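As structure tokens, the structure follows; a few thoughts come after it.
We're numbering straight along the sequence, starting at 1. Remember, predicted model here, so these are calculated numbers, not experimental data.
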Amino acid sequence: MDSTGYGDWIRDFETARRERAGQGDPDWRTGVPLHPAIRRSVQRFQVGEDGDGAELITKAEAAGDAEYASAVRMFVAEERNHARLLALLLASGDAPTIASHWSDRIFVTLRRALGLRLELLVLMIAEVVALRYYRALRDGGEDALTREVAGRVLADEERHVPFHCHRLRRALRPLPAPARVLVISGWRAALAAACLVVAVDHGPALRRLGVGRGRFAVEVVRSSGPIAAAMR
């Protein structure tokens, strides 16, 4: 990717948009009722994907980089599409979406109270946890539709993490080296705490998906090493 600007990221998001348009939606008629544990878990993740992203877009625009702001708008559009896909997955199994969940309210409150750099660090916690969750849902889903939806979301999330790493690397660069180490170490500690909460909250679903709480937490924490290095 472009090391100085966001033109390559914009082209990447636009390519993904065209591919989605050409691919069309999954066949929702193939849906089957989700296991109750997985249904509850998907409902909670759907709420997390369903924000409008207005605060992040406003902060990106205020940063004064038009290309970055454009890329952020494309990122937010993909997150909204994830919420749409998950809502339709639930509907295909005759399950409703939920209005809110305490974990999402905490993340949203933290993100809105912070500047762009710290908001992205909080957002990255959710994104890294989501990587492992959607991989578990793709690999362990009990029907083809669930696996397909999870795979589509996962493919986007695998691009989102390096996109945010690119911005955070630039945002953290002006800090003295000891401060950067402190910020990244704090981020990894916060990620570890968050993934433990998710592992407990989604434990029944994770067991159903063949992962389990302990393995999920260990693999999320282990994955944070290369991501932290990319931000640094």
Would Glu142 and His35 count as having a side-chain donor-acceptor pair, cut-off 3.5 Å?
no
Electrostatic pair Arg73-Glu61, nearest N-O below 4.0 angstrom:
yes
Donor-acceptor pair, Arg169 side chain versus Ala230 backbone, under 3.5 Å?
yes
Parallel, tilted or perpendicular: which one describes the rings of Phe75 and Phe163, with boundaries at 30° and 60°?
tilted
Taking atom CG of Leu196 and atom CG of Asp201, what is their separation to the nearest 0.5 Å?
12.5 Å
Test side-chain contact (heavy atoms from CB on, under 4.5 Å) on Tyr133 and Val42 and set out the steps.
CA-CA 10 Å; Tyr133 175 79; Val42 171; 3.7 Å; yes
Thinking salt bridges, do Arg11 and Glu14 make one under a 4.0 Å N-O criterion?
no
How about Phe216 and His202: are their ring centroids closer than 6.0 Å?
no
Shortest non-hydrogen separation from Arg180 to Leu172 and the atoms involved:
CD-O, 3.1 Å
Once you measure the plane-to-plane angle for His166 and Tyr6, does it fall in the parallel (<30°), tilted (30-60°) or perpendicular (>60°) bin?
perpendicular
Quick check: does any side chain N or O of Thr58 sit under 3.5 Å from a backbone N or O of Ala54, one acting as donor and the other as acceptor?
yes
So, does Arg215 use its side chain to make a donor-acceptor pair with the main chain of Gly210 at under 3.5 Å?
yes
Only residue of Leu89, Leu86, Ile98 satisfying side chain to side chain contact (heavy atoms under 4.5 Å, CB included) with Gln46 is Leu86
